[in-house]
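No experiment lies behind these values; they were computed from the predicted model shown.
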Amino acid sequence: EDNYVVDAKKWKKKGPYTVALCNISVVNSWRVAMVEEFKYEASKHKDIKQVVVTDAANNVAKQIADMEDLITKKVDLIVITAPPTALVPAVEKAVDAGIPVVSFDSVVDSPKVTVKNIADQSEIGEQLAQYIATQLKGKGKVAMLTGIAGTTPGQMRYEGALKVFKKYPGIKVVGQVWTNSAYDQAKRAAENFISANPDLKAIYADGGPSGYGAMQATYEAKRPDIIVVGTGSNGHFNLWKKWRDSGAKVRSFAIQDPPGDSAVALALGMKLLRGQKVQHIEKMKLWTCTDKTLDKVARPDLGDDYINSTFLPEEMKVKLWGKK
Amino acid sequence: MEKVPITKETTVQTNFFRRALNNPGMPIYIILMITWAIGYSVSESFRSPGNLPNLMVQTVAFALAGLAQTYVILAGDVNLGVGGIISIIVCGAPFLMTNTPASMIGMSLVLLLIGAAIGALTGYLLIKIKVEAMVLTLAINFTLLGFALYLMPFPDYTKIIPIDFIRVITGSWGPISYPVVGTVVVAIISWYVLYRTRFGLHLRAIGADKETAFRAGINVTKVKIWAHTITGFLAALSGLFLAGRMGTGDPTAGATFSLDSMTAAVAGGTLFNTGVGSVAGTLGGAFLIVILGNIFNHLGVSTFYQYVFRGALLVVAVAGGAIKKKWQDKAK
Amino acid sequence: MARQSEITATAKSSTGVAGFFKNANNMKLWLWVATLVLIVISGIISPGYVQPENLLRLLRQAVPFGFIAIGQTLAMLTGHVDLSVQSVTVFAGMLGSTYMMGSDANLLSAFILVAGMAATFGLLNGLGITKLGINPFVMTLGTGIMLDGLTMVFTGGATKGTASPILKYIGTGRLFDFFPVSILVWIIASVLVVLILKRTTFGRKVYAVGANKKVAELSGIHADRLIIGVYVISAIMSTIAGFIVCGYIGTGTLDLGDDYKMTSMAAVIMGGTLFRGGVGGYAGTAAAVITITALTGLLTILNISEPMRRMIYGAIILAVLAITSRSKKE
Amino acid sequence: MQEPFLKVTGVCKEFPGVRALDNVSFECLLGSVHALIGENGAGKSTLIKILCGVYQPTRGETCLNGSPVRIEHPDQAAKLGISVIHQELNLLPAFTVAENLFLGHEPSKNLGAIDRGQVRAKAQELLARVGVNVDPDTLVKDLSLAQKQMVEIAKALSQESKIIVMDEPTAALNHNEVEKLMEIIRNLAATNHGVIFISHRLEEVFQVCDTVTVLRDGQLVGTKSISELDMEKIVEMMTGKAILGTRVDGKNPVQQRKLLETRNLSAKSWFHDINITVRAGEIVGLIGLEGQGQREFIRSLYGVVKTTSGQIFVDEQPVTFRNAKDAIRAGLAFVPEERKVEGLCLVLDLLQNMALPTLKDRQRFGFIDVEKERSMGKDLIAALQVHPSNPMHKANNLSGGNQQKIVIAKWLPAKPKVFLFSEPTRGVDIGAKEEIYQLMRSVTDQGAGVLMFSTDMGELLRVCDRILVMYEGHIVKEFRGTEATREMLMTAQWGLA
Ligand SMILES: Nc1ncnc2c1ncn2[C@@H]1O[C@H](COP(=O)(O)OP(=O)(O)OP(=O)(O)O)[C@@H](O)[C@H]1O
Ligand SMILES: Nc1ncnc2c1ncn2[C@@H]1O[C@H](COP(=O)(O)OP(=O)(O)OP(=O)(O)O)[C@@H](O)[C@H]1O
Ligand SMILES: [Mg+2]
Ligand SMILES: [Mg+2]
């Protein structure tokens, strides 16, 4: 799809504004942080008078209904993260009704979406896989823990990783399971893989907190030799640091799409409303953590679920994830 | 306890109001009216003219799935495979349909028959494997969702529903859209089938007391399999509508409908294992699911509290019917 | 009397080995057979998998499920059902870790506080079902959704704090560096539950109320109170499950990988408890919990696609249900 | 001789652990009434269920009109012209009378639509035929037990069958309704139908039946014409011994101690200002037409029906009951009339059933003393001669009389002061009835009191020390058991002086 500059005049509108976040669900910490980022960003704009957040509790039909409700409610801007195809008609209806739509994270797949805020999901998978391949020098058994089955981001990360692994004939993927991006399921799966494959060399975990679950499994099995890569959560980083600092040779790597994408999306939307110049497609920067940056990234004072790439100010981090 | 001396005449008043009041779907309508009144008085955008037509369209998928579930609950079972069937139809539709009228009509029929066949198979397994329907259909649902994922591992934008099909699903006569009319027609037919035909009477009799129905010479196996077949058919109809509304497939689209369909039916006054239920009540139950989300959106209620209210209102909706029944039993 | 002797004869034959297989109540046996088959298959696929060490790990994974299924077994034995188990488990893990803040000093008070709140919802379930006559299915589904909301209201949706060291030890620690502590906890709980169900007046009342509530009431049992009590116990069992998950992964989580409200029902029924109540017990449920966990484990290590995995999972559960239901028939 | 319309030969039926029927042959002619009798558990109902396709026989064959048939489904039985009134009510409470009457064979128009006009008309006609005066659109749950039974009978008549089987149709009926039923049966026979009639009330058998077949322990004892039989002969065929229908009196005279007393007890519309006493060692009977408040009165004494005014005394102490538990604590025990609904947990075993009211007495810290319980169970089963005698047997598989013994047995360890019985021998055979009467006497001999409600006048006359008659919610008459006669009770029941 071609990138272009969005017609600034078309969406210009006088404030104060009502802005909406149309969300599929708040099922995990990343999404919670994402909603908070959105609200925090909104609070920085004096001309926003109301913020509406809808939540479809994972029901696609409900999210379509939510979109229709937002149209009836005549909000001034909709920021959406949704199943990319199912919401196409609803989003187009909104745009046709004169409401600009900015989509991010799981981006709605219609050319009519006013601004697309794309984080390259495939690249997440590629980078994680590349780290493993490089460290293993192209040889060894790898187990894959992927995110939520049937979702586009999950699929794109998985395919990105496979693309890299295919380049190394010496790398053998011994199994892949969808973990629902849940700690407990990821940890159980990792345990089962470690048990079944005594010569396992690495665990690839691209779904939310599943990397933490995987690293707990290697830690408890006393197997620092198994590489664990993931999208990273504070628990992962804390354990990595603790284990490394105790003298073990731990190799790990993490890459995240920051939950602040929602804030960026809102900011871009506000530009539209104010008649400023905005690109149709904005690429989002990914965030990484390596052995070198680990000391700065890990936050033992915050909860395991803390999303380290968040832009939120310190006091909000403490309020949301603080251990006190 | 009964106290009806045999010498005295006992007749039941069959006037309209009494019947309406005794309809198991009554409490849901009272709750709907209260909910409506609250929404109407509190939110300006809720009052806007576009809202009601919206609400009606949004109800369609839940209503059809709820009606599907009503048949089997009335027959003394339950079918948690409804969500799986919807997912399979939603994922299958874009593969099968092309943008010619013949293809769209033909393939719609094929998809409906697939739904019906899955339903029939479910019914058959339930008869063969004498396990509680709740659990057996749960396992079946798992298999069906797996199959949907096989058809479409992720939302695939290259697989789209023909535009004319979408036009039909999203089209309308003025404020009344075609699917809403279709749903009402399905509901009326369902009412007729369930309450005016021998099949419907037999179906409800089985739900009320299988042994008695069997002894009365009713072919329990046949009726149950047919009930599940209709359930599969209506679930597929709900899936077709969803597919048209989304314009594409999505393997996660149906998952929540297994419970949602049951919520619609039960909130609408259909009771487990009694053969007692109400088609109109199911429509009301589906409407309640939708109107709650709608009001929350219009009021801008925090998502966290939305869950709390949604749960509470579900309980209150069913409590209404339960309390009414308790009170009637006591008055006797 | 001629018939009398026949009865004793058949009664005798059903205690023999052949009778054991025929005995109506022995789905448990079939479940153990199923588990064994699953483990043997796993062993053929990857020989390392069936070492005692790894089997213990597998068993450990079943523990939270096992606790949730205790509550579900009790509820279903009384002829009811509890769909709020999943929500309570999440609630307990999230609030538990928030109140605990990683400190052992807070562990007990956090547990009591959270269990108290969960029990309140159990009470609400029980009261709504017995006093208002609300269908158990909808009542517990509704309170479950409410709890989902409250979890987020109380925590803001984010986990603060972590599991305390003792809880982590319970969740992941091993006795003598070998035997997982959580399995021991589960075994103790299971033995207690089986004993309580079979040998105490409370257990008897559970069966009686499930078999026929009216009869139980006319025999002087406060059936409503008992049902309310069962829901409170179920809430507390799910709280324990939530804490154990918290100890296992080190923190509370909004998202459990499995849908325990449905699988717990499946486990209870596979284990031979009648949906209408009055027949069954926890030993069968526990066997089913282990079967399902072993099945999930096996499917994990097989290198097949997710759709296949799900279809196989569904099909195997169907098959086990078919076999167990056959052994239930005479 | 006329060729039998229906004939079964060499039928066997086995249930796990039980042979319910052993090589039984039986035949039924059109235009006659054939009685099928035997003790509880003799296999009567089982034979009937085989005739109508509910069960499949293990062995044996059925012939209809001379040609062999296999009846595999109730539907098929109906088509072959056999309809059955089962021992248990087979009505759907939440459905209308009309729906119930034609269930399975509704008159229909095209496309399977029910012809509601025809249903209504036919229903009214059928209801009139059995003398039940209700609107066909009434819900069955709003009917009295007797009305339900009559609807059940009308349902069997609705199929226009050649053979009509009635399994204990009179158990819930009062005298007048029984008369009405007898008339219907005679009419059926006169119009060339065959009727198979099962009852434990032998008078009824003598009233209408032409032929009698007796079963015992699943075996055929014999088939005889009624003219060859008298009461003693039948009883002997059934039980293998002679039973005398004489009075069952207590060993000791009634004591002065008032165990149960009510003063001006009333409950809403059910009954008003009732004053009764039950003394130690006394059996007090209660009789009344259907719906005169007697059932509710007995239940109110057990805390199940709420009273609105008045006072109950147990052992001369005033008491108030909020529920059954309070009543049990005060020393009452209740044996309800519908044992399968209110008396037994059918899926539990005998021991668990018998232990239920007295769980507390054999426990420490909530744990049950299993040894003590087992021996209690064995003793009770031995004392009451329950068959089968295995305490681990499921209550479901017992015959009616043995089930009733268990319902009574479960109260014995509690040593109640007063037993409240509601229809203690409904559906119970002669032999077991006798045992139950003896049981009632043995508890009164040990100082307890009994208040029993029954519709069986003969039974009240045989065991009661006093008989109270209830009419429109009041006690209208009191008789001494030794002085009362059927005629006296009958006139009093109708509220005539
Ligand atoms: N007929 C039998 N012959 C031999 N052993 C048996 C027999 N029945 C049961 N057992 C053994 O005794 C154990 C206890 O049996 P039982 O059926 O009483 O289990 P339970 O305690 O009732 O379990 P649950 O709580 O699941 O009902 C069984 O696990 C089995 O090993
Ligand atoms: N479904 C069943 N399973 C096992 N045993 C059964 C079953 N039905 C009946 N029996 C047994 O078969 C025998 C015959 O029972 P049946 O009900 O035919 O007796 P009946 O003559 O009708 O007695 P009643 O006068 O009490 O009705 C009894 O011992 C009973 O326990
Ligand atoms: Mg058992
Ligand atoms: Mg019988």
Regarding B:Asp250 and B:Thr252, is there a side-chain donor-to-acceptor distance under 3.5 Å anywhere? yes
At a 4.5 Å cut-off on heavy atoms, which part of B:Leu80 comes close to chain C: side chain, backbone, both, or neither? side chain
The interface call for B:Leu136 against chain C, heavy-atom contacts under 4.5 Å, is both
Would you mind checking which part of B:Val315 comes under 4.5 Å of any heavy atom in chain C, side chain (CB onward), backbone (N, CA, C, O), both or neither? both
Ranking C:Gly133, C:Gly144, C:Gly128, C:Gly142 by heavy-atom pairs under 4.5 Å to chain B gives rank one to C:Gly142
Salt bridge between C:Glu217 and C:Lys214, side-chain N to carboxylate O under 4.0 Å? no
Examine B:Phe257 together with B:Phe62 and report whether their ring centres are nearer than 6.0 Å. yes
Is any side-chain N of the basic residue among C:Asp82 and C:Lys261 closer than 4.0 Å to the acidic one's carboxylate O? no
Heavy-atom pair count under 4.5 Å with chain C, highest-scoring of B:Leu144, B:Thr303, B:Leu259, B:Ile140: B:Leu259
Cation-aromatic face contact C:Arg310/C:Tyr313, 6.0 Å, 45 degrees: no
Pick one of side chain, backbone, both or neither for C:Ala266, based on which atoms fall under 4.5 Å of a heavy atom in chain B. both
How about B:Tyr305: does its OH atom have over 12 heavy atoms from other parts shown lying under 6.0 Å from it? no
By a 4.5 Å heavy-atom criterion (distance strictly below it), what part of B:Ser302 contacts chain C: side chain, backbone, both, or neither? neither
